[in-house]
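One structure below.
Because only heavy atoms are used, hydrogens play no part in the values below, and waters and symmetry mates are left out as well, while side chains stay in. Residue numbering restarts at 1 for every chain, and letters A, B, ... go by the order of the sequence lines.
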Amino acid sequence: MPELPEVETVRRGLAPALDGARLARVDVNRPDLRWPFPDRMADRLRGATIRALGRRSKFLLLHLDTGETLIVHLGMSGRMVVDDLSAPTGVQPGTFHRDAGWHPQHDHVVFHTDRHRVTFNDARRFGAMDLWPTDDLENHRLIAKLGPEPLGNTFNDAHLIAAFRGRNTPVKSALLDQRIVAGLGNIYVSEALHRAGIAPKRRAGRIAAPRVAALVPIIRDVLDEAIRAGGSSLRDHRQADGTLGYFQHSFRVYDREGRPCPTPGCDGAIRRIVQSGRSSFFCGVCQR
DNA sequence: CTTGGGTCCTGTGCGC
DNA sequence: TGCGCACAGGACCCAA
């Protein structure tokens with residue numbers, strides 16, 4: 001389940017195959033994912049040239065020369081894999097990583113260019129696609145309510161302090177709320193809160209302003225580091241060429257229940273609790 | 001308005 | 001080996 005760093009990794013990996021490419025054909029193998037695909041999606045994509053590959057939060061954006069943008073969300077298990085059709089025969093890129101955990105019956109949409117094949121595979125089908133006018137993207141229902149990009153300038157101290165003010169919800173939930181900041185998910189919230197020394201159960205509105213402000217650069221750093229590592233590969237995430245991201249080796253708390261807290265001088269152990277149905281990992285000693 | 005819980009779907013790994 | 005259960009990177013929707 002991709003969070004912002006994984007989606008950004010996929011975006012960068014798709015660029016060599018799709019940036020500037022013409023979609024010769026798109027195979028749509030089922031009528032829907034989480035929601036029905038837009039009307040005549042395959043027809044509206046066929047022949048279009050991709051002018052640029054963008055990203056907003058966890059959404060991939062394929063800006064087309066038709067004036068429309070294909071919005072793609074990977075949901076929990078969505079993958080995008082590139083095959084280079086001009087590669088020498090033999091083992092083609094994109095073959096080896098289909099061995100483990102790859103279920104070809106979940107190849108739901110396949111994009112064909114003159115040189116590449118890009119396959120969208122999503123076992124759980126929580127993903128989504130939609131087509132929308134490029135000049136009106138900010139009004140799309142999935143995008144309109146998103147908060148600031150955490151790596152952009154509008155995500156700053158003043159914004160986060162104002163967003164937390166008066167909120168009685170646990171800070172874990174607040175950071176997962178895409179209206180407050182857009183792009184964090186279950187992994188990077190746990191990682192950021194550990195770095196900030198804030199307990200996930202603490203109520204967002206009861207955290208002193210300087211500690212909230214400190215979260216801003218911490219969130220940026222965590223996401224930056226993860227992007228530079230090619231994201232975190234747990235079950236599903238691969239880079240578009242099939243190689244694994246490696247940020248999971250840098251996790252300080254996520255999925256590390258019972259391990260010692262990595263904070264220097266801290267003798268705590270990582271604990272796991274469930275908040276609104278999702279695991280939170282934290283150190284009860286140095287996170288308060 | 002905020003907040004919490006249920007829900008969608010398939011695959012995997014664990015304990016028995 | 002098989003079975004049942006818990007859990008998995010998301011986020012919408014609705015009730016209270």
Q. Taking the side chain of A:Arg125 as heavy atoms from C-beta outward, which of B:dC9, C:dC13, B:dT3 is closest to it?
A. B:dC9
Q. Between A:Arg272 and C:dC7, does any side-chain N or O lie under 4.0 Å from OP1 or OP2?
A. yes
Q: Pick out which of A:Val118, A:Leu18, A:Val7, A:Asn121 makes a side-chain contact (heavy atoms from CB on, under 4.5 Å) with A:Met80.
A: A:Val118
Q.
In whole Å, I'd like the distance from the CZ atom of A:Arg79 to the P atom of B:dG11.
A. 12 Å
Q: Take the protein atom CG of A:Asp177 and the nucleotide atom C1' of C:dC12, then report the distance between them rounded to whole Å.
A: 12 Å
(Q) Ring-plane angle category for A:Phe281 and A:Tyr254, please: parallel below 30°, perpendicular beyond 60°, tilted otherwise. (A) perpendicular
Q. Looking at C:dC7, C:dC13, C:dA11, which one has an atom nearest to any side-chain atom of A:Ser279?
A. C:dC7
Q: Using atom CD of A:Gln178 as one end and atom P of C:dA11 as the other, report the distance to the nearest whole Å.
A: 5 Å
Q. What do the steps show when you test A:Arg141 against A:Asp130 for salt bridge (charged side-chain N to carboxylate O under 4.0 Å, His left out), and what is the final call?
A. CA-CA 10 Å; A:Arg141 68 182 186 95; A:Asp130 203 4; 5.4 Å; no
(Q) Suppose we define a pair by two distances each less than 3.5 Å, Watson-Crick or G-U wobble; what does B:dC9 pair with here? (A) none
Q: Respond yes when some side-chain nitrogen or oxygen of A:Arg278 is under 4.0 Å from OP1 or OP2 of C:dG10, and no when none is.
A: yes
Q: Send over the distance from A:Asp107 CG to B:dT10 P, rounded to a whole Å.
A: 15 Å
**Q.** Rounded interatomic separation in angstrom, taking CG from A:Asn121 and C1' from B:dT10
**A.** 11 Å
Q: Considering just the side-chain nitrogens and oxygens of A:His103, establish if one lies under 4.0 Å of OP1 or OP2 belonging to B:dT10.
A: no
Q.
I need the CG-P distance between A:Leu33 and C:dG10, as an integer number of Å.
A. 17 Å
Q: Return no unless some side-chain N or O of A:Arg179 is found under 4.0 Å from OP1 or OP2 of C:dA11.
A: no
Q: Take the protein atom CZ of A:Arg124 and the nucleotide atom C1' of C:dA8, then report the distance between them rounded to whole Å.
A: 5 Å
Q: Select from A:Thr169 and A:Arg34 the residue whose nearest nucleotide in DNA chain B is closer to the 5' end of that strand.
A: A:Thr169
Q: Give A:Gln275 one of three labels, base, sugar-phosphate or nothing, depending on what nucleic acid heavy atoms sit under 4.0 Å from its own.
A: nothing
Q: Check whether any side-chain nitrogen or oxygen of A:His106 sits under 4.0 Å from OP1 or OP2 of B:dC9, and answer yes or no.
A: no
Q. Taking 4.0 angstrom as the limit, do A:Glu149 and A:Arg56 come out as a salt bridge?
A. yes
Q) Is the closest basic N to carboxylate O distance between A:Arg11 and A:Glu8 below 4.0 Å? A) yes
Q. Between C:dA11, C:dA8, B:dG4, which nucleotide gets closest to the side-chain atoms of A:Lys58?
A. C:dA11
Q) Are A:Phe126 and the base of C:dA11 stacked, counting only ring centres nearer than 5.5 Å and planes tilted under 30°? A) no
Q | Separation between the P atoms of B:dC9 and C:dC3, rounded to whole Å | A | 24 Å
(Q) I need the NZ-C1' distance between A:Lys172 and B:dG4, as an integer number of Å. (A) 14 Å
(Q) Check the orientation of A:Phe247 and A:Tyr188. Use parallel for under 30°, tilted for 30 to 60°, and perpendicular for over 60°. (A) tilted
Q. Counting any heavy atom closer than 4.0 Å, what does A:Asn168 reach on the DNA or RNA strands: base, sugar-phosphate only, or nothing?
A. sugar-phosphate
Q.
Closest approach to the side chain of A:Ala123, judged atom by atom: which nucleotide of C:dA8, B:dG4, B:dG11 is it?
A. B:dG11
